Amino acid sequence: MKIATFNINGVRARIVALLDWLRETRPDVVLLQEIKTVDDGFPRLEVEDLGYAIETHGQKGFNGVAILSRLPLEDVTRGLPGDESDEQARWIEATVVGETAARICGLYLPNGNPAPGPKYDYKLAWMERLRHRAEALLAEESCAVLAGDYNVIPAPEDCWDPRIWAKDALFLPPTRAAYQRLLNLGLTDALRATDAHAGVYTFWDYQAGAWPKNHGIRIDHLLLTPAAADRLTACGVDAHVRGREKPSDHVPVWIELAA
DNA sequence: ATGGTAGTCATACTA
């Protein structure tokens, strides 16, 4: 089962790029972030034509996540538990019924800039809620994948120049500590586990020629529970799509899980 | 210290 995460940065603006990539790589399950539309605005027909079922958790203008799947989806839930007052669309999960079932969680973790400030407080609080959800999935020994745009640079080797990011919400010590607490529960960072060398990035800013200069960062992650990590056979980054016409600033990251 | 780019919605905000 091939599972990919892709921050699409506006699904309506990116529909051609999305369809081209889906046709080329044929993932079984795709987690999208920043669809930037309400549910009714999602370009369903074009994606359904390629054989995908679609579950969305949209929002006007900002945020918004979705799951595309060629396999049946069951028990879809929307919103990260732990704060009834949180109206930002950043979390969706579903059970994918393949040869073996897997719980698939798609997330768009808050950016948190500027830090310090209320946006950074929201980011750290959101990461605490994420940790609680992960604890529950681990407690029930689920085969689960928690994947998406984490807006976390885990370590200095995950960016071109750590000095640039020193005071950024994506790299501040409390951010990295919260991410490490998540891993410490027993989750596996799939790309770190399969491709340990530095300089593997998933995001290049639109500004200042970041892509041609390869000034990237690694912030899109797939975290696996032990039952899922036991099935991990491959992991990769489709970096080439960043060089195409009208690209997202993020690129897809994917894993293969054995049946 | 600033602005460089992009998407959405409306002339600002988020990233």
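Note that the structure is a prediction, hence the values are computed from the model and not measured. Every chain is numbered from 1, with letters handed out A, B, ... down the list of sequences.
- One finds no salt bridge joining A/Arg78 and A/Glu93 here, because no Lys/Arg side-chain nitrogen approaches an Asp/Glu carboxylate oxygen to under 4.0 Å.
- Rounded to whole angstrom, the span from the CH2 atom of A/Trp165 across to the P atom of B/dA15 amounts to 13 Å.
- Rounding to whole angstrom units, CG of residue A/Asp205 and P of B/dT5 are separated by 11 Å.
- In this structure, the nucleotide among B/dA15, B/dC9, B/dG4 sitting nearest to the side chain of A/Gln207 is B/dG4.
- Rounded to whole Å, the P atom of B/dA6 lies 23 Å from the corresponding atom of B/dT2.
- Straight-line distance from the CD1 atom of A/Ile35 to the P atom of B/dG7: 16 Å, rounded to whole Å.
- If you check every strand for non-hydrogen atoms under 4.0 Å, A/Ala13 touches sugar and phosphate atoms only.
- B/dC13 sits 16 Å from B/dC9 when the P atoms are compared, rounded to a whole Å.
- Rounded to a whole Å, the CG atom of A/Asn7 is 16 Å from the P atom of B/dA6.
- Distances from the side chain of A/Lys119 to the nucleotides B/dA10, B/dG4, B/dT14 place B/dT14 closest.
- Remark: C1' of B/dA15 and OH of A/Tyr206 are 10 Å apart, rounded to the nearest angstrom.
- For A/Lys36 and B/dA15, the shortest distance from a side-chain N or O to OP1 or OP2 is not below 4.0 Å.
- Contact between the side-chain N/O atoms of A/Arg14 and the OP1/OP2 oxygens of B/dT8 is not found at any separation under 4.0 Å.
- Here the options are A/Leu170, A/Leu182, A/Asp220, A/Ile219, the test is side chain to side chain contact (heavy atoms under 4.5 Å, CB included), and the partner is A/Tyr150; only A/Leu182 passes.
- As a whole-Å value, the separation of A/Glu34 CD from B/dA15 C1' is 7 Å.
- Aromatic ring pairs are classed by plane angle as parallel below 30°, tilted from 30° to 60° and perpendicular above 60°; the pair A/His221 and A/Tyr179 is tilted.
- For residues 13-37 of chain A, every residue pair satisfying the salt bridge (Lys or Arg N to Asp or Glu O under 4.0 Å) rule, not counting sequence neighbours, is listed here: A/Asp20-A/Arg23, A/Glu24-A/Arg244, A/Asp28-A/Arg70.
- Between A/Asp158 and A/Arg176 no salt bridge is recorded (no basic side-chain N to carboxylate O distance below 4.0 Å).
- Note: CH2 (A/Trp211) to P (B/dG4) measures 24 Å, nearest angstrom.
- Among the heavy atoms of the strands lying under 4.0 Å from A/Tyr108 are primed sugar atoms or P, OP1, OP2 only; no base atom is included.
- Taking atom P on both B/dT14 and B/dA1, the two are 23 Å apart, rounded to the nearest angstrom.
- Separating the NE2 atom of A/His215 from the P atom of B/dT5 is a distance of 17 Å, rounded to the nearest angstrom.
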